[in-house]
Structure formats: structure tokens, C-alpha cells
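Inspection log for the structure reproduced underneath, given as C-alpha cells.
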Number of protein chains: 2
Amino acid sequence: MTQNSTYYSSQNSFLVAVDCVIFGFKDNKIRLLVHKRAFEPAVGGLSLMGGFVSENESVLQSAIRVLSNLTSLKNIYMEQVAVYGEINRDPGARVVSCAFYALIDISAHDESLLVQNNAFWVNINKSYELIFDHPQMVEDALKILRNKAAIQPIGFNLMPDKFTLPQLQSLYEAIYDQALDKRNFRKKIQSMDFLVKLKEVDKSSSKKGAFYYQFKDIIKD
Amino acid sequence: MTQNSTYYSSQNSFLVAVDCVIFGFKDNKIRLLVHKRAFEPAVGGLSLMGGFVSENESVLQSAIRVLSNLTSLKNIYMEQVAVYGEINRDPGARVVSCAFYALIDISAHDESLLVQNNAFWVNINKSYELIFDHPQMVEDALKILRNKAAIQPIGFNLMPDKFTLPQLQSLYEAIYDQALDKRNFRKKIQSMDFLVKLKEVDKSSSKKGAFYYQFKDIIKD
DNA sequence: TCAAAAGTGTTCGTTTTACACCCATGT
DNA sequence: ACATGGGTGTAAAACGAACACTTTTGA
């Protein structure tokens with residue numbers, strides 16, 4: 001066990017990848033950003049957006065790069081899901097992949113970049129088939145998302161700048177995939193004290209109109 | 001973006017390590033297994049037990065190998081903490097490390113192996129200084145442990161086969177680093193219904209004696 | 001005037017917290 | 001007989017779940 005610094009150089013090295021589980025929210029459904037894979041193996045298969053970590057960036061930076069190349073978004077908050085390190089998880093090579101997830105405002109990004117990358121949004125409750133262990137990554141990310149949503153405001157990035165309480169409720173209903181009671185939801189949200197009510201109302205979805213709200217502050221874990 | 005399989009081979013590869021955050025429980029304190037590092041850089045510094053992932057094993061297997069080499073324990077349940085991927089986190093080389101944590105019965109492992117590896121237990125609440133980003137790994141692991149303990153029985157591995165309720169309470173008190181009410185603790189534990197009361201009592205710490213209990217079943221997440 | 005969505009409180013059961021005394025025994 | 005740690009129940013508070021009616025307004 002006594003070695004000098006050549007100890008490092010005697011070790012195996014591996015490709016290290018990142019895969020991004022990108023959630024968005026549209027038409028009251030949680031959406032997942034996927035793309036058609038452009039190279040072998042599994043060319044044409046549905047895949048999470050990913051990439052390889054390069055020398056001059058941290059693993060997290062790498063995930064942020066992948067996502068911002070795809071969406072042109074900056075200042076994205078990404079969080080780790082887990083590492084996927086099975087030997088044959090990628091049939092093309094031994095690749096250790098680290099999954100990250102992010103929540104983005106589906107309307108705020110650059111549509112044309114998605115098209116360029118053969119990327120599109122799928123409804124998370126509908127069926128679709130991802131390659132490799134990507135389904136596991138999505139499942140793990142959803143689990144984290146659900147746990148998180150119970151404790152603290154998510155929705156920063158999933159919601160547009162101004163939104164109504166019925167819209168926010170739809171988001172939570174989509175995350176948990178179940179209907180919530182309007183009064184209990186509002187009570188809970190208001191007790192958490194992270195929203196500011198605006199004077200403006202949104203009449204796009206009702207005659208009466210619903211008040212707009214904004215997040216008070218960015219609260220990051 | 002259209003590539004063939006040489007796409008893989010054009011990428012950087014990295015050393016991938018595992019670091020093990022090993023918790024034990026002794027004298028009513030949570031202990032952490034650390035060792036004196038045997039090679040540069042930071043030779044002699046306090047470090048988590050770690051190692052490099054090799055070609056013929058998954059990342060998880062690698063962590064299990066490291067831990068079982070050190071303790072001779074088999075069938076250890078390890079869980080991921082996170083990936084640590086900053087560029088300069090290890091001054092010796094670019095190393096992406098994946099931390100795992102485990103809970104082990106401190107009395108059940110092979111003491112002499114620890115000595116051979118310059119390894120020993122430190123009290124987690126006392127001060128000690130770990131190298132690199134290992135303090136962060138420990139902190140992150142503790143956070144996970146605390147969250148988990150609230151929901152489901154941990155302690156399988158931290159406790160000996162038979163244990164008393166006061167002992168188990170001490171474990172929880174150590175995990176949360178705060179005193180718990182005896183009656184509330186017992187009520188909660190009993191409502192979770194995972195213990196079996198034995199007829200035998202432990203008189204080692206009181207005159208009256210405390211009943212031994214065992215875990216009913218292995219319940220894994 | 002009516003259809004459609006927004007908004008608003010109360011009750012009930014469950015869970016969590018706080019709290020104090022008796023028991024068994026070895027010395 | 002007494003000191004030591006083991007064991008037990010109850011009341012108050014906080015929290016989560018269930019539930020129905022009024023308001024506004026555009027068509």
C-alpha cells in the first residue's frame with residue numbers, strides 16, 4: 001500500500017459522461033426532454049441528452065454545458081441524481097455516467113436548437129422507450145423531484161415568471177400524478193410563504209380571472 | 001453531431017475512484033472509519049477509505065471491494081452519496097470520485113485489518129481533519145443517513161444482533177445529535193413494528209436489566 | 001341567465017410533542 | 001434502604017384530509 005504518485009498512473013481510466021434529465025411543464029403535463037441519438041450504438045434510439053466530461057470542466061459544468069448547448073439557457077440549476085457505473089451499461093464502451101436533473105421553463109428556451117439536435121418533449125406519463133439505463137435515471141430523478149416538492153418550493157424554473165395558483169397546482173398535480181384539493185393546496189402553499197400576490201389577473205383561462213403570483217425569492221437548498 | 005463509434009475514442013478519460021463513508025456505533029457515539037493515507041499527495045493525511053475503479057467491476061462493486069478488504073465483511077449494504085467531480089479536487093490527478101456510505105457493526109469486523117491499513121474510528125462529533133473534499137462527502141452522507149433514519153429502520157448493521165431499546169435509542173440520539181424522549185421513542189419504534197422482543201435481558205448496564213430485541217426482518221429500501 | 005373557473009373555512013382524525021411516576025435489582 | 005437505569009400513559013398541539021358553497025364575468 002505504500003506508493004508514490006505513480007500509483008495514480010497505474011490505474012485504469014474511463015470515459016465519464018453526463019446525462020441530463022430535463023423536466024419541463026406544458027399543457028398541465030410534466031415533459032421530459034429527449035433526443036434521437038446520432039451515433040452508434042443505438043443510433044436513432046431515444047436518449048437523454050448527454051455528453052462526455054472533458055478535461056477542463058467539472059462534472060457539473062459538463063452537465064450544464066450539455067443543457068445550455070441544447071436550450072441556450074444560462075444559470076440553470078442542476079442537481080445530481082446518481083452515478084451509473086455498471087460495466088456494460090453502455091454497449092459502446094465502458095462509460096461511467098453521472099445523471100443530473102433540471103427543471104426548466106419550457107417556453108423560455110430556443111425551439112430551433114431542439115430541432116437541430118433532434119430533440120423534443122415527451123409526456124412523462126405516456127409510454128416511450130429510452131436506451132440503456134436511461135429509464136432508471138428518469139425514475140430516480142422523479143423520485144428526488146417528488147421528495148423535494150413536498151418540502152420546498154420547486155417550480156422556480158418550471159413556471160414562467162408570473163403564474164396563477166391554479167397553474168401552480170397543476171404543476172404539483174403533474175409531479176405527483178394525482179389530483180389535489182384546491183383549498184388544502186392553497187393553504188399549504190400560503191403557509192410556506194414564498195409567493196407574492198400581484199395585482200394583475202390572468203383571464204386567459206377563466207372569465208373571472210386568477211391573480212398572478214411570483215416567487216418571493218430564490219431559495220436554494 | 002453525426003459520429004460513428006470512434007466518437008467514444010475521441011473523448012477524454014479519467015481516473016474514477018470510490019470513497020467510502022463508513023459509519024459505526026460504539027460507546028453511544030457515531031464513529032467514522034478513516035485511515036492515514038499511504039501515498040502522495042497528502043501522504044499521512046486523514047482520508048476516507050477509497051480506491052480506484054477497475055475495468056472488471058462496477059463502481060458499486062468497487063466500493064464494496066474497498067470496504068470488504070478493510071473489514072472482511074461480506075454482504076454489506078452500501079448506498080451512493082454523490083459524485084465529486086471538481087477539476088482539482090484531488091491535487092494528484094484529475095479523479096472523479098463517487099462516494100458511498102455504509103453502516104457497519106463496529107464489533108463484527110476484523111480489527112487486525114484495520115491496523116494493517118492504518119485505519120481507525122473517529123468520533124464524528126469530535127474534531128478531525130480530512131483531506132480534499134472528504135469532509136463534504138461525510139456531511140452529505142450524514143444528511144442522507146438522517147433523512148433515512150426518520151423513515152425506516154436503520155440500525156440493522158450498526159447494532160449487534162441483539163440489542164436493547166435504550167441502546168437503539170442511543171443510536172438515534174447519536175444520529176440526530178440530540179436527546180429523545182424515552183416514551184415517544186418507544187412508541188414510535190413499536191408502531192413501526194419491526195422489532196421482536198426476546199425473553200432475555202441485558203443486565204450489563206442496569207440492575208433491573210433491559211430486554212433484548214432483534215430486527216424482525218431485513219427491510220431494504 | 002348561465003356556464004366555468006376562482007376563491008374561501010371548518011371539522012375530524014392522526015401524528016407529534018411534552019411531561020412524571022413506579023419498577024426491579026445489585027450493592 | 002437506596003441509587004440506578006428500565007419501563008409505562010395521557011393530555012394538548014400541530015398537521016393533514018375531507019368536504020360545499022359563493023363570486024365574477026364573458027358569452
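Computation of the quantities below employed the complete heavy-atom set of this structure, encompassing side-chain atoms and omitting hydrogens, waters and symmetry-equivalent molecules. Letters go in sequence order (proteins before strands), and every chain restarts at 1.
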What's the [atom1]-[atom2] distance between [X] and [N], to the nearest Å?
X        : N      : atom1 : atom2 : value
A:Asn28  : C:dA5  : CG    : C1'   : 13 Å
A:Phe211 : D:dT24 : CZ    : P     : 10 Å
A:Tyr213 : C:dA6  : OH    : P     : 12 Å
B:Phe185 : C:dT15 : CZ    : P     : 18 Å

Problem set entry | Side-chain donor-acceptor pair present, B:Glu86, B:Tyr84, cut-off under 3.5 Å |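 Absent: no donor and acceptor within the cut-off.
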Exercise. A:Leu60 and A:Phe100: side chain to side chain contact (heavy atoms under 4.5 Å, CB included), yes or no, with the steps?
Worked result: CA-CA 8 Å; A:Leu60 175 59; A:Phe100 287 80; 3.5 Å; yes
Problem set entry | B:Lys197 NZ/CZ over B:Tyr213 ring centroid, <6.0 Å and within 45° of normal |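 Judged by the rule (NZ or CZ under 6.0 Å from the ring centre, within 45° of its axis), B:Lys197 is not positioned above B:Tyr213.
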Exercise. So is A:Lys162 actually on top of A:Tyr212's ring, under 6.0 Å and inside 45° of the axis?
Worked result: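 Yes.
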Review item, nucleotides 25-27 of chain D N/O atoms under 3.5 Å of protein N/O:
{"from": "D:dG26", "atom 1": "OP1", "to": "A:Lys203", "atom 2": "NZ", "distance (Å)": "3.1"}

Problem set entry | Partners meeting side-chain hydrogen bond (donor to acceptor under 3.5 Å, both in side chains) with A:Gln136 (sequence neighbours left out) |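 Counting only residues at least two positions away or on another chain, A:Gln136 forms a side-chain hydrogen bond (donor to acceptor under 3.5 Å, both in side chains) with A:Asp140.
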Problem set entry | With sequence neighbours excluded, residues passing side-chain hydrogen bond (donor to acceptor under 3.5 Å, both in side chains) with A:Ser204 |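 For A:Ser204 the side-chain hydrogen bond (donor to acceptor under 3.5 Å, both in side chains) partners, ignoring immediate neighbours, are A:Asp202.
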Show each protein N/O and nucleotides 8-14 of chain C N/O combination with a separation under 3.5 Å, one pair to a line.
{"from": "C:dT10", "atom 1": "O4", "to": "A:Lys187", "atom 2": "NZ", "distance (Å)": "3.0"}

Problem set entry | ring-ring contact (aromatic ring centres under 6.0 Å, His included) assessment of B:Phe215 paired with B:Phe163 | CA-CA 9 Å; B:Phe215 288 106; B:Phe163 51 87; 4.9 Å; yes
Exercise. With no hydrogens and no angle check, is any side-chain donor or acceptor of B:Glu173 less than 3.5 Å from a backbone partner on B:Leu180?
Worked result: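 Here the side-chain-to-backbone pair exists.
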For this session: Please confirm whether the backbone N or O of B:Ser58 pairs with a side-chain atom of B:Ser62, one donor and one acceptor, at under 3.5 Å?
Result: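 No; judged by distance alone, with no hydrogens or angles, the pair does not exist.
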For this session: Within residues 161-180 of chain B, find the residues that approach DNA chain C with a heavy atom at under 4.0 Å, and present them sorted by residue number.
Result: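 DNA chain C contact set from residues 161-180 of chain B: none.
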For this session: Could you pull out all residues at least two apart from A:Val66 that satisfy side-chain contact (heavy atoms from CB on, under 4.5 Å)?
Result: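 Listed in chain order: A:Val18, A:Cys20, A:Met49.
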